[in-house]
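One structure is given here, and the rest of the page talks about it.
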Amino acid sequence: MSKTIESRKRSILKAVSYPIICIISMMVITVSITKDVKQSIYISIVFQAIQTALYYLHERLWARLPTV
């Protein structure tokens, strides 16, 4: 089994591709509920921005805790 070494380029691509996947999946869900593409785009982008901020805060809080 080969082991993949995580390069900076690979990490950046993953960091960019994951939110795109999240936004698209959220758009599919919200369009199916609201039947409004414009509203779906807005909801999806706002949700992803909030989720990113919350993840950052979560990471910073964990960084303050003593090592387990």
Problem set entry | Qualifying side chain to side chain donor-acceptor pair (under 3.5 Å) pairs, either residue in residues 14-34, two or more places apart |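 The answer is Glu6-Lys14, Thr30-Ser40.
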
For this session: Please list all pairs passing the side chain to side chain donor-acceptor pair (under 3.5 Å) test where one or both residues lie in residues 56-68, with sequence neighbours left out.
Result: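 Qualifying pairs, neighbours excluded: Tyr55-Glu59, His58-Trp62.
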
If the condition is side-chain contact (heavy atoms from CB on, under 4.5 Å), which residues does [X] pass it with, not counting sequence neighbours?
X: Ile20; value: Val16, Ile24
X: Ile41; value: Met27, Val37, Ile45
X: Tyr42; value: Val46
X: Lys9; value: Ser7, Leu13

Hydrophobic cluster (4.5 angstrom, side-chain heavy atoms) - remaining members for [X]:
X: Ile29; value: Ile33
X: Phe47; value: Met26
X: Ile43; value: none

For this session: Can you run down the salt bridge (Lys or Arg N to Asp or Glu O under 4.0 Å) pairs that involve residues 39-52, sequence neighbours left out, and say none if there aren't any?
Result: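 For residues 39-52, and leaving out neighbouring residues, there are no salt bridge (Lys or Arg N to Asp or Glu O under 4.0 Å) pairs at all.
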
For this session: Under the salt bridge (charged side-chain N to carboxylate O under 4.0 Å, His left out) rule, collect the residues that match up with Lys38, sequence neighbours excluded.
Result: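 None.
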
